[in-house]
Amino acid sequence: MVVGVVKRLVLVCCVLLLWYWWQCFLLMAFGGGLLAHKPSLPRISVVAPLSVHMNDASYTVKGAPTITPDFSDRVLSA
């Protein structure tokens, strides 16, 4: 009896999870679905910009290292 109840509960949870996943997909892909009733939800773009400018001045090394290799080894081992 208990096993049957647990199986039904797991089935209901799986169905609810799949429904929620589908609604999230509809919201992200088309901006619609039952989760889109709040106007404060931002539309999230599927494509993220992947441009990184490596020649930017903020990525250049301008001085000697300020930490020792022993210290970095201790930090990584901790």
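No hydrogens, no waters, no symmetry mates; every other heavy atom, side chains included, goes into these values.
- Residues W19 and W21 do not share a hydrophobic cluster, clusters being chains of Ile/Leu/Val/Met/Phe/Trp/Tyr side chains in contact below 4.5 Å.
- Put simply, M1 and L9 are part of two different groups of oily side chains (I, L, V, M, F, W, Y) that touch within less than 4.5 Å, one to the next.
- For the atom pair L18 CG and F25 CZ, the distance stands at 14.0 Å (nearest 0.5 Å).
- Considering only heavy atoms from C-beta on, K7 stays 4.5 Å or farther from V10 through its side chain.
- Considering CD of Q23 and CG of L26, their distance stands at 5.5 Å, rounded to 0.5 Å.
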